Structures are given as structure tokens and as C-alpha cells.
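None of these values were measured; they are calculated from a predicted model.
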Amino acid sequence: MKIAVIGQSLFGQEVYCQLRKEGHEVVGVFTIPDKDGKADPLGLVAEKDGVPVFKFPRWRARGQALPEVVAKYQALGAELNVLPFCSQFIPMEVISAPQHGSIIYHPSLLPRHRGASAINWTLIHGDKKGGFSIFWADDGLDTGDLLLQKECEVLPDDTVSTLYNRFLFPEGIKGMVQAVRLIAEGTAPRIRQPEEGATYEGIQKKETARINWDQPAEAIHNWIRGNDKVPGAWTEACGQKLTFFNSTLNTSGLVAQGEPLPIPGAHRPGLVTKAGLILFGNDDKMLLVKNIQLEDGKMMPASQFFKGSASSALELTEAELATAEAVRSSWMRILPNIPKVEDSTDFFKSGAASVDVVRLVEEVKELCDGLELENEDVYMATTFGDFIQLLVRKLRGEDEESECVINYVERAANKLTLRMPHQLFIGGEFVDAEGSKTYDTINPTDGSVICQVSLAQVSDVDKAVAAAKEAFENGLWGKINARDRGRLLYRLADLMEQHQEELATIEALDAGAVYTLALKTHVGMSIQTFRYFAGWCDKIQGATIPINQARPNRNLTLTKKEPVGVCGIVIPWNYPLMMLSWKTAACLAAGNTVVIKPAQVTPLTALKFAELTLKAGIPKGVVNILPGSGSLVGQRLSDHPDVRKIGFTGSTEVGKHIMKSCALSNVKKVSLELGGKSPLIIFADCDLNKAVQMGMSSVFFNKGENCIAAGRLFVEDSIHNQFVQKVVEEVGKMKIGNPLDRDTNHGPQNHEAHLRKLVEYCQRGVKEGATLVCGGNQVPRPGFFFQPTVFTNVEDHMYIAKEESFGPIMIISRFADGDVDAVLSRANATEFGLASGVFTRDINKALYVSDKLQAGTVFVNTYNKTDVAAPFGGFKQSGFGKDLGEAALNEYLRVKTVTFEY
């Protein structure tokens, strides 16, 4: 068809381009006159295509069509007028002239919201459904017969911009093209508009956008978002007109505490908080506003309102003005299509691409004596005015946010002065728990109090989850490149390495870990884990999949791996930092944010880790740490509707409870590393000295507080007595003592309750008839020390043969010479399946046994040999899911399938 396009804007431009692609002949484009020397995008592209372009300032005068204008239009011979977006009044002489008449796009579901500002009114009225209409133009005001309508859901925090960009713009373009296609095919309907439900609202102007405070919070929120960004909902406060932007009803976890902002007519004063400005409706419910515009036009974060000039635009010195002009010239070179760079010029809307970001960063570096900018700085300050403000703040050294205030506990130990945070870590700040609740954390070496630690409450969990959700959905973490995310994790690993002696000393004080072991394993492997997963950040990839084609068309199917969102991680007390690292490194590498609950008895390395995340530049809210009880903090994380994944290491009993809570709350993704009773089978053909050495390590490593500790050793009859004799000799050589002493190889148990449990465990073993060869009692000295213990003649029915001790207790059972299948049956006769081991020189036997053992890890002629690259996790009631290795990433990712047809 021959089409005349009458309208303006990018929307009009896109409709014009798509109509030409469909094969229609656009005989003329009618758009608005140039403004400030800039042509409208529709006219600009049409002129490049050689299509006649007309820029009439008006079509009518004194209510009558201008004959010369109508004549120029009629000369084109259009068969259809398409009005995608038109701010001018077009006379009926033009509307009715073509053979097929005229069709118009309107951004509402007519007959609702006839007139101007239809998108604004959709939001102001709180409509749950929005959309657009394409109708046949008549002499009424948006009353013509309907040709096509499409609707969409209006989200609770939609603004004019988000609704337009998400649906009305892209789907509207498709709708206009579809409507023209129906007309060309002769199948376009004409459906009379109903009058029932019809509304008409006028154009929204600044003078009519004042907020009425005598209404519920939801209505106030709708009014603010309905006027965001133009004309802007405003109120009088503090002696000036304040305009509010970026409103939300999502106030989960917010506490109504802050600096009061009196607002005349409001039900209650507003509250300026770190999250923004809390406002109240007459129903006492809250809404949150994140940005405020002052009467002089300056925009600021609402949280900075009372900080005054510090948050306002900087006054530039002469030298800074000269720098700004030099940078303006740089923008001009990078953006050749822009005749003039103004403060409002947007770098990306003006045609810049990612390669131009790199160019700008490098040019600024040259202009400003090596000033280091990040690519993200450009993305976060996209207009020239904002970019100059950011640049000058960096040049002045004012760009850094105020340094986090940390209330350290200082303690001298191990020839170091330890500086230990002891508060909750939420949203990048160390804060007291709700009600300032605290508890004592105990040094197991002597039973003394190390310090008081904040004890998180349910409300603190809600705050931490809200901070993590905000960081995931709206923060820098979700916007930076995967490679830059990896760079931050590498930086974090480097800081952990710089502080490794301090971290290992804290582990020794708080968990009783032997310092030399903590340095190598607790801390050393934590550093390795973060470095390993930092390398994975930019290698998380999907796939393309061949599928059956929808002939005669073709299809392309691809998968994307995406972060799941806010994750909750609950870690045990035996390896406080290492277990945190195993889960958190994979979680962050995948792009998630996290709320971590360390074990209540060992919180201090987790809180020191929190401090290091700040120093590494991990954005606020990405990592949150809540010391507290499992029954409160762990339970709330499992139940919380905004948490999408729980990673847990701990007992099978608690794991089952968490799994149930995750299912009942919102069907969270969950991974569990639970209890174990790992069998170690020692055959007579083994290297006996090595088997003794590794058998000792399999039980006594880290004081037996080891997830994969060999819970039961099966020793072949012919070497049983010799094996036991050698083990007892080695136990006698063990040095029990202060974990900070370099010659100590067996420190205190983690906490007193666990010590009591080990005493009872041994008493039960003796009572059931097992032979206590050595140990079995508390060491008579201050602290929570337990003797390394060996039991023999342990029968399969005994309690100690079936249940995990999680302590330095070796359980030895015999098996008949050569009876491989019988010992395998006994080894597998457990509901646990975390790890296992076998010692033999016979490779065939080793392969056969490793095949048959029902455990997530099988060690052959070694034990405890874990590595950051090797997946780790259990079978049966030892849980499911993996830590470490590439497999761990899948626990924190979701796979999306996308299918195209072309």
C-alpha cells in the first residue's frame, strides 16, 4: 500500500522502518519542525531514505484546515494514513482522504483513559492491566472504532518509562505493523468502542501533580509513579517544592526509623533513612521514595536529603571547568552525530557502544593525569552533566562513600593485634542486632569469653534479605561484566591472603583450630577456593541446541545460565571460614547475592571476612552476615519468600527440616551436605605404614571435627592387631595443647556441649561391649580438650558403629581375610554416604571396591585429599548437591531456554 506516516519520535521512526521492511511504499512523512536545530528521528531517517518529508508547524488556522497543507498532502496519493505518535491536530480533510482512512496508536485500553497522558493515568488509577489500542480515526477524541488491542500486566512498581519500554514501545510497533497488514489483507475489523467504563483525563501538568496526602499509601505510590518522570509528583516541605521519583511499595525489612521530614498535610512526617525517604498514607502503611528533586532542579538520592550541599551539584573551579570543556570535546569526537553536547546529553542514547566506553575511559585518563575510571562509572553516569560531576568528585577525592565505621574488639594473640568486628553485617555496614541483643563467644582453649557478638533476630534477617535483594535487582553487582566480577573475587582472595595469619589466629581462638593447620587448610583452602571460582566468572556459558524446525520457518534454541537471586548459606562450626568459602565463592561467581549465617559458636572469621569484602570493593548488600541461632536465623532464611536458594552444611536432622521449610515456603532450590559415617577399608595387601599414617589422619584430622572423617575402620584380620598396635603408638606421640603453639597437633574441641557429647558417646561404647584401647575422657586441664580415643572389637549392631561421633574417636572393626563382598556390604549398611576409603596395592581390588562403595567421594590409598577443583558432596542421607569444582556453580544457577523462529 501507499502509506503516509504522520507523527514523530523514535516510536514513529521504528513504525516507519518496519512498514518499509514489510514492502509498503511510504509516499510521505509528516513530522514536527526541527527543535533547536535537531530534526525529529522520524524525519531524519526518512530524509536519508529519500522519502518526502514535511515539517508543518500546524495543519489548521482558526479551526479551518490550511488549503496549501492539505494540497501538499493530497498530491502524494496515500491509500492509508498511519499515525504512530502525533502531537499535532490533524484535520478531517486529511484523516478521511485515503481510500482506507487513518489508523492511530493510543497507549491505553480504550475506552479507558481517552485523551492525553494515558500512560500516566493508567498508573495513577492503579490499573492492574495496561496496554494499547489501534483505532480508526474519526472526528471524536479517541472514540473511533477499534482495530486491534493488546494488554499487559502492570507491575506494582512500574513507572511511565518502564511500562513504555517493556511493553508499549516494542509491542506497539509490532501492533501497528500487524494492523497495516490486516488492512492490506482486507481483514481489519471495525469494533465499536463501548461507552461503559469510558474515562477521559486531561494532560498531566506540573501544577496539577501536587500530592494529596489524605489517601492510602498505595494511592500515594500510584500518584508518584504515575507522574514519574514527567511532570513529577510534588509537595511542599522544608520551605520548598520537593518532587519525588522512584517510588516503591516494597518495604520488606524496612524499619520506620530515621530523621523526620515534616510534610504539611501528611498523615505522619516522612523519615529519611539509608534506604530512602519513607512516606506514610492515611492507612499508616509505608512507601519508599528513592530520589528527590529540589526546587532548583538538582536531583539527589532521598537518603542524602539532610546532607544538603554534599549531595548537590558541585560548583566547579576554573580549572575544573576547563577540564569539563576538554571532556566535552572528547564526547563530541566519540559522538559525531550530536551537533552539541549539553549537560542532558546521554552517552548511550546518542549512539555510543561498549567500545566507546573504553575509548572514553582512556581519553579521560589522558586528560586527567592518569585518573583511573572504571567502565561502570560511565554506565552509572550516562548524561554529560552527571559524568562531569562524577569526574570532578574523583579528581577531588570525594567519590568514595564514607568509610564504613567498624567497632572492633582488639586482642593481642600470636604476636599479633587482632582487630575483630563483632556486629551484624547488613547492607555493607556493621550494625547492632534488633534490641541490641548479644551473646558471648567462647575460647575453647580455656573457656574464657573472647567478646560479645550481636545476636541476629528475625527482623534482622528481613533487613539482610531486603539488602541482598536490592543489590541483586538494582545494584551494581547485577550490572557489571562477569569478568569484572571475577576481578573483585580475585581481589578478595588477595586480601584474605594478606590477612591469613590474622584469620588463622582467629580460627584458633574461636574454633580451637590448630594454628598451623588453620593456616594451611582453614584459611589456605579458602583463599584457593575464591581464586578458583573467580576464574569461572566469565566462563559460565549456555549452549545452542538443534531442534525440529517449524517448517517452512526455522528455529534457533539456546540456553542461558542465570543467577538464582538471593541465596541463604548456613555454615557449620568445624571449618568456619573454609565452609563459608566453599559455598560463598561459587554463589558469588554465579552472580548471586547472599545472606550467610555462620555457626553461633564460631562467628568471628565470618565477620572478619565481611570486612575484607568491603576492602575488596564488593558492592554493599551483596554479602550479608548474621551470627545467631539456627532456630531463628536459619529458620527465617528457609522460610523467607525472597530467598531463592539455601545451601546448608550440618546435621541430617536439621537438613531434613530445612528441606521441608524450603518446599513449603516458595519451593527454594536447596543443597545439603549432612552427616556421615564414612567407612575406611584397609586390606592386608596395603602399605601398612601409610595406612596407619592415613588412618590416623582420617580420624584425628582437625580434632575429628571433620565432615568426611572415617567414622569406622574395617581392618582385615591378618593385619588387625599389628595395625592397632601401630595406631596406639602414634596416638601416644600426639601433642595435646594450646592450638597457637607450633608443636601442638591436637587442640580443644570446638565447644563445651560437643565435649560432653563425646564423653557420653564413649561411655555408651564401653557399655555396649566395645574395647576401649585408649582415651575416652576429657583431658584434665582448662578448656574443652578430649583425649584421642581408639575402640576395637566394635560390632555392627553397636551405637558407635552406626552413629557419627564428630570427634577424635577411632572405631575399628575386623573383617575376614579375603572376604571383599562381605566387608563392602557392612561398609554400605548405613544411611550415610559422604565419603569412604580403601587401602590396597591391588589395582583391580581398588577399582572394584571404589565402584561398589556408596559414597560421594572415594579415597584410594589416601584420605582427606580434597581440592577446590574436585566436586564434593554426599549420597543418601548425607545430602545432595555439590560444593567445589564446576559442579558447584550449578547449585547457584538456573537454566533458561530461549527459542527463536525466523
Answer yes or no: is there a donor N or O on one side and an acceptor on the other, between the side chain of [X] and the main chain of [Y], under 3.5 Å?
| X | Y | result |
| --- | --- | --- |
| K668 | S638 | yes |
| Q149 | G131 | no |
| E470 | G427 | no |
| Y892 | C567 | no |
| W223 | A209 | yes |
| K597 | V570 | no |
| R644 | K669 | no |
| D639 | S665 | no |
| D228 | S247 | no |
| W121 | G202 | yes |

Working to the nearest 0.5 angstrom, can you tell me the gap between [X] [atom1] and [Y] [atom2]?
| X | Y | atom1 | atom2 | answer |
| --- | --- | --- | --- | --- |
| I104 | I134 | CD1 | CD1 | 11.0 Å |
| N120 | N222 | CG | CG | 12.5 Å |
| L242 | E236 | CG | CD | 8.0 Å |
| K620 | L476 | NZ | CG | 13.0 Å |
| L271 | L288 | CG | CG | 10.5 Å |
| H113 | L123 | NE2 | CG | 8.5 Å |

Self-check item: Listed partners of E195 passing side-chain contact (heavy atoms from CB on, under 4.5 Å), at least two apart
Solution: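 side-chain contact (heavy atoms from CB on, under 4.5 Å) check on E195 returns R114, A198.
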Find out whether [X] and [Y] are in side-chain contact, i.e. whether some heavy atom of one side chain is under 4.5 Å from a heavy atom of the other.
| X | Y | result |
| --- | --- | --- |
| S454 | P627 | no |
| Q293 | W234 | no |
| H267 | D283 | no |
| H640 | V566 | no |
| W477 | L488 | yes |
| Q635 | V458 | no |
| E153 | D158 | no |
| C238 | F305 | yes |

Quiz item: Counting only heavy atoms not in K206, do more than 12 sit closer than 6.0 Å to its NZ atom?
Solution: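 Enclosed: over 12 neighbouring heavy atoms sit under 6.0 Å from NZ of K206.
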Quiz item: So does K896 have more than 12 non-hydrogen atoms from other groups sitting under 6.0 Å from NZ?
Solution: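 No, the 6.0 Å shell around NZ holds no more than 12 heavy atoms from other groups.
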Quiz item: Can R636 and D462 be counted as an ion pair, charged N to O under 4.0 angstrom?
Solution: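 Result for this pair is yes, salt bridge flagged.
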Quiz item: Less than 4.0 Å between a side-chain N and a carboxylate O, is that true for E218 and K128?
Solution: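 Result for this pair is yes, salt bridge flagged.
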Practice problem: Check step by step if side chain to side chain contact (heavy atoms under 4.5 Å, CB included) holds for R225 and V154. | Solution: CA-CA 12 Å; R225 69 183 181 130; V154 178; 4.0 Å; yes
For the residue pair [X] and [Y], what are the closest heavy atoms and their distance?
| X | Y | answer |
| --- | --- | --- |
| A233 | I224 | CB-CA, 3.8 Å |
| K608 | Y408 | NZ-CE2, 4.3 Å |
| L10 | P41 | CD2-CB, 3.9 Å |
| T143 | Q193 | C-NE2, 3.3 Å |
| A468 | T593 | O-OG1, 2.9 Å |
| A237 | P264 | CA-CD, 4.4 Å |

Distance-only donor-acceptor check, side chains [X] and [Y], under 3.5 Å:
| X | Y | answer |
| --- | --- | --- |
| S117 | E201 | no |
| K285 | T251 | no |
| Q423 | N407 | no |
| Q452 | H422 | no |
| H106 | S133 | no |

Self-check item: Sole candidate of D346, V392, L360, D343 that passes side chain to side chain contact (heavy atoms under 4.5 Å, CB included) when paired with F387
Solution: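 Looking at D346, V392, L360, D343, the match for F387 under the side chain to side chain contact (heavy atoms under 4.5 Å, CB included) is L360.
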Exercise. List for me each residue that meets side chain to side chain donor-acceptor pair (under 3.5 Å) alongside S161, sequence neighbours excluded, and say none if there are none.
Key: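 Partners of S161 under the side chain to side chain donor-acceptor pair (under 3.5 Å) test: none.
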Exercise. Begin from the C-alpha positions of T208 and Q204 and carry the test side chain to side chain contact (heavy atoms under 4.5 Å, CB included) through to its verdict.
Key: CA-CA 7 Å; T208 61; Q204 268 300 82; 3.3 Å; yes
Quiz item: Is there a side chain to side chain contact (heavy atoms under 4.5 Å, CB included) between T584 and I596 once you walk through the steps?
Solution: CA-CA 8 Å; T584 304; I596 301 168; 3.5 Å; yes
Exercise. For the residue pair F425 and F430, categorise the inter-ring angle as parallel (less than 30°), tilted (30 to 60°) or perpendicular (more than 60°).
Key: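 Geometry flag for F430 against F425: tilted rings.
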Quiz item: For the residue pair F384 and W331, does the interplanar ring angle fall in the parallel (under 30°), tilted (30 to 60°) or perpendicular (over 60°) class?
Solution: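 The arrangement is perpendicular - the two ring planes meet at more than 60°.
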Self-check item: Sole residue of F132, F169, F85 in ring pair (Phe, Tyr, Trp, His ring centres under 6.0 Å) with Y164
Solution: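 Of the listed residues F132, F169, F85, the ring pair (Phe, Tyr, Trp, His ring centres under 6.0 Å) partner of Y164 is F169.
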Practice problem: Could you please spell out the steps behind the side chain to side chain contact (heavy atoms under 4.5 Å, CB included) verdict for W213 and L279? | Solution: CA-CA 10 Å; W213 294 103; L279 300 172; 3.8 Å; yes
